[in-house]
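Have a look at the structure below, then the notes.
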Amino acid sequence: MVARFLIPVNTLRRIVVAVPPKAEFEHGFMTWMTHLCRMSGQLGCRLHFFAHPQTLGYISGFILKRHKDTRAVYSELEDWDDLLLLTGQVNYDHLLVIVSARRGSISYDSSFERLPVQISNYFNNNSILLLYPEQKGDPTETLTFADPRGWAETQYYDRVGNWIYQWLKKNT
């Protein structure tokens with residue numbers, strides 16, 4: 001998490017959250033959603049999510065199921081390149097939360113490489129929170145579209161094979 005607050009946190013009126021497509025498949029999805037819902041409740045401000053329609057379904061379902069008291073609004077953000085459309089949605093007394101992703105994760109997009117420049121050019125007068133969701137397992141694991149959680153069947157076979165090899169080696 002990277003944060004820059006220009007005003008005291010207790011004076012924020014709204015939290016605007018930009019969520020990339022497929023963020024719901026990341027291991028840390030429920031963690032950051034829970035934190036934002038709690039923050040919203042503590043500050044007494046509304047959450048406004050901007051995401052792909054499918055991702056919005058997961059977000060609204062999560063909030064309805066686990067955080068019913070959270071005041072939330074949902075807007076479609078079809079393409080992550082439309083992030084600059086949020087400049088008209090974020091005021092000085094709002095917190096802009098951008099959910100990013102690490103390279104190789106399921107929700108990673110090459111446009112994330114432009115985030116630092118876009119933030120400094122277009123959101124310089126806003127409080128910003130940049131989130132990198134928690135990842136499962138070893139950070140060097142490769143994630144694929146076939147297995148977004150990063151645990152391919154071959155990894156299990158390799159582990160069992162290594163265990164059998166070690167066991168046989170020890171008993172010989």
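Computed from a predicted model, the values in this text were never measured in an experiment.
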Aromatic ring pairing Phe62/His67, orientation class (parallel under 30°, perpendicular over 60°, tilted between): tilted
Could you see if [X] belongs to whatever hydrophobic cluster contains [Y]? Use Ile, Leu, Val, Met, Phe, Trp, Tyr and a side-chain cutoff under 4.5 Å.
X	Y	result
Val73	Leu95	no
Val99	Met1	yes
Leu64	Tyr74	no

Pair Thr55-Lys22, side-chain contact (heavy atoms from CB on, under 4.5 Å): steps then yes or no: CA-CA 6 Å; Thr55 303; Lys22 298 183 183 142; 5.7 Å; no
Nearest 0.5 Å, what's the [atom1]-[atom2] distance between [X] and [Y]?
X	Y	atom1	atom2	answer
Ile63	Met33	CD1	CE	4.0 Å
Thr87	Asn121	OG1	CG	11.5 Å
Leu56	Glu76	CG	CD	6.5 Å
Ser120	Leu115	OG	CG	10.5 Å
His94	Leu86	NE2	CG	12.0 Å
Leu36	Thr70	CG	OG1	9.5 Å

Glu26 (side chain) donor-acceptor with Ser107 (main chain) under 3.5 angstrom: yes
Any donor-acceptor pair under 3.5 Å from Ser100 side chain to Leu131 backbone: no
Evaluation steps, side-chain contact (heavy atoms from CB on, under 4.5 Å), between Val97 and Trp32: CA-CA 11 Å; Val97 178; Trp32 65 260; over 6 Å; no
Derivation and outcome, side-chain contact (heavy atoms from CB on, under 4.5 Å), residues Met30 and Arg66: CA-CA 10 Å; Met30 289 191 288; Arg66 299 218 177 159; 3.6 Å; yes
Working for side-chain contact (heavy atoms from CB on, under 4.5 Å), residues Tyr58 and Val19: CA-CA 11 Å; Tyr58 282 96; Val19 185; over 6 Å; no
Minimum side-chain heavy-atom gap [X]-[Y] below 4.5 Å:
X	Y	value
Thr31	Pro133	no
Leu85	Phe50	no
Pro20	Asp109	no
Ile59	Glu24	no

Non-hydrogen atoms of Phe49 and Ala72 that approach each other most closely: CE1-CB, 4.3 Å
Within 6.0 Å of CD in Glu113, more than 12 heavy atoms from elsewhere: yes
Flag if over 12 foreign heavy atoms under 6.0 Å of CZ, Arg102: yes
Donor-acceptor list for residues 2-17 side chains, cut-off 3.5 Å, not counting sequence neighbours:
from: Arg4; atom 1: NH2; to: Phe123; atom 2: O; distance (Å): 2.8
from: Arg4; atom 1: NH2; to: Asn126; atom 2: O; distance (Å): 2.8
from: Thr11; atom 1: OG1; to: Pro8; atom 2: O; distance (Å): 2.6
from: Arg13; atom 1: NE; to: Asp93; atom 2: OD2; distance (Å): 2.3
from: Arg14; atom 1: NH1; to: His48; atom 2: ND1; distance (Å): 3.0
from: Arg14; atom 1: NH2; to: Gln89; atom 2: O; distance (Å): 2.4

